[in-house]
Amino acid sequence: MNCNKDNYPKAIAVYEAVLRLMKNKRDITAMTVSAIAREAGIGKGTTYGYFSSKEEIIAKSLIYGYRKLIDTALEQMNRCETLKEKLYSLRNLADCSEDINFCMEIVEELSKKWDKMQDYIVSAFEDDKIHILYVERLVNDLTDAARKEALIGDDADEDYVKCVFLTVVQNIVGSIHRVMAEEKIISEEKWMDYLYQMIVTLLVYSPG
């Protein structure tokens with residue numbers, strides 16, 4: 001397949017079709033290219049003009065869904081002005097993390113059944129560096145907001161600042177946050193307030 005076709009409208013229609021079929025609890029291993037093409041509103045032959053196999057269709061659809069979830073949450077954060085607002089908006093990533101985990105669980109399960117699936121997924125993650133890119137975008141956006149509010153000194157250690165925000169991001173979008181919320185160990189508002197206060201305190205004492 002010509003990789004330049006990955007973002008063509010008909011290719012995206014195929015991705016969206018696979019995700020809809022998944023949401024309708026269709027058995028992903030039993031999906032046929034014909035069924036996917038029909039759901040996408042295109043011909044089966046047209047589908048093969050963009051993808052070489054069903055495995056490639058499903059693998060790229062899962063990657064597309066993964067990136068779409070994260071990009072949506074990041075766009076919402078970018079519309080916020082202050083560091084505190086941006087920090088609170090990260091709860092959107094926490095809210096969609098279950099969907100992300102669901103996608104990745106399917107990937108892992110399918111990889112055991114289809115050797116080619118593993119190759120497609122590994123290639124997609126290595127080429128696009130999905131995890132690294134989206135975390136870097138989060139950290140950079142939060143860091144810029146902190147600088148605008150003069151919370152980071154000119155002589156602050158950049159690696160230290162990055163570690164502060166990486167730790168906070170993990171606390172919000174990681175499993176700890178979900179467990180705390182589900183068990184009602186601490187209210188979400190108080191949790192977020194403490195994290196914000198922790199950022200301010202840690203940045204003030206940033207080693208130069």
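The residues of the chain are indexed from 1 along the displayed sequence. Just so you know, these numbers use all the heavy atoms, side chains as well, and skip hydrogens, waters and symmetry mates.
The heavy-atom pair separating Val18 from Met31 by the smallest distance is O-CE, 4.0 Å. Taking every heavy atom of both residues into account, Phe165 and Thr143 meet most closely at CD1-OG1, 3.5 Å. Smallest separation of non-hydrogen atoms from Ser89 and Cys80: CB-SG, 3.8 Å. Of all heavy-atom pairs between Ala37 and Thr47, the closest is CB-OG1, 3.4 Å. Residues Leu90 and Met77 share a closest heavy-atom pair of CD2-SD, 3.5 Å. Closest approach of Leu203 and Leu151 over heavy atoms only: CB-O, 3.4 Å.
Note on Glu16 versus Lys68: salt bridge recorded, some NZ/NE/NH1/NH2 to OD/OE distance being below 4.0 Å. One finds no salt bridge joining Lys162 and Glu158 here, because no Lys/Arg side-chain nitrogen approaches an Asp/Glu carboxylate oxygen to under 4.0 Å.
Although no hydrogens or angles enter the test, the distance criterion places no donor-acceptor pair under 3.5 Å between the side chain of Glu39 and the main chain of Ala35. Asp141 places no side-chain N or O within donor-acceptor distance of the main-chain N or O of Arg137, the cut-off being under 3.5 Å. Side-chain N or O atoms of Ser52 include none that pairs as donor or acceptor with a backbone N or O of Tyr48 at under 3.5 Å. Within the 3.5 Å criterion, the main-chain N or O of Ser34 finds no donor-acceptor partner in the side chain of Lys44. Here the side chain of Glu149 pairs a donor or acceptor atom with the backbone of Leu83 at under 3.5 angstrom. Thr46 contributes no side-chain N or O that, together with a main-chain N or O of Ile42, makes up a donor-acceptor pair within less than 3.5 Å.
Once rounded to the nearest 0.5 Å, the distance linking CG of Leu62 with CG of Leu19 reads 7.0 Å. The NZ atom of Lys190 sits 10.5 Å away from the CD atom of Gln197 when rounded to the nearest 0.5 Å. In this structure, NZ in Lys54 is found 7.0 Å from OG1 in Thr32, a value given to the nearest 0.5 Å. To the nearest 0.5 Å, atoms OG1 (Thr82) and NZ (Lys148) are separated by 11.0 Å. With rounding to the nearest 0.5 Å, the separation of CD1 in Ile63 from CD1 in Ile58 is 13.0 Å. Of the inter-residue distances, the one linking Arg67 atom CZ with Thr72 atom OG1 reads 12.0 Å to the nearest 0.5 angstrom.
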Checking side-chain contact (heavy atoms from CB on, under 4.5 Å) for the pair Ile57/Ser53: CA distance, chi angles, key distance, verdict? CA-CA 6 Å; Ile57 291 173; Ser53 66; over 6 Å; no
Report the C-alpha separation of Tyr88 and Asp193 in whole Å, then their side-chain angles, then the decisive distance to 0.1 Å, and conclude whether the side-chain contact (heavy atoms from CB on, under 4.5 Å) test is met. CA-CA 9 Å; Tyr88 275 56; Asp193 282 340; 2.2 Å; yes
The test is side-chain contact (heavy atoms from CB on, under 4.5 Å); show your working for Tyr64 and Ile12 and say whether it passes. CA-CA 8 Å; Tyr64 168 83; Ile12 292 174; 3.5 Å; yes
Full working for side-chain contact (heavy atoms from CB on, under 4.5 Å) between Leu142 and Val169: CA-CA 10 Å; Leu142 292 170; Val169 168; 3.9 Å; yes
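Here the two rings, on Tyr15 and Phe51, have centers that are under 6.0 Å apart.
Considering only heavy atoms from C-beta on, Met192 stays 4.5 Å or farther from Tyr196 through its side chain.
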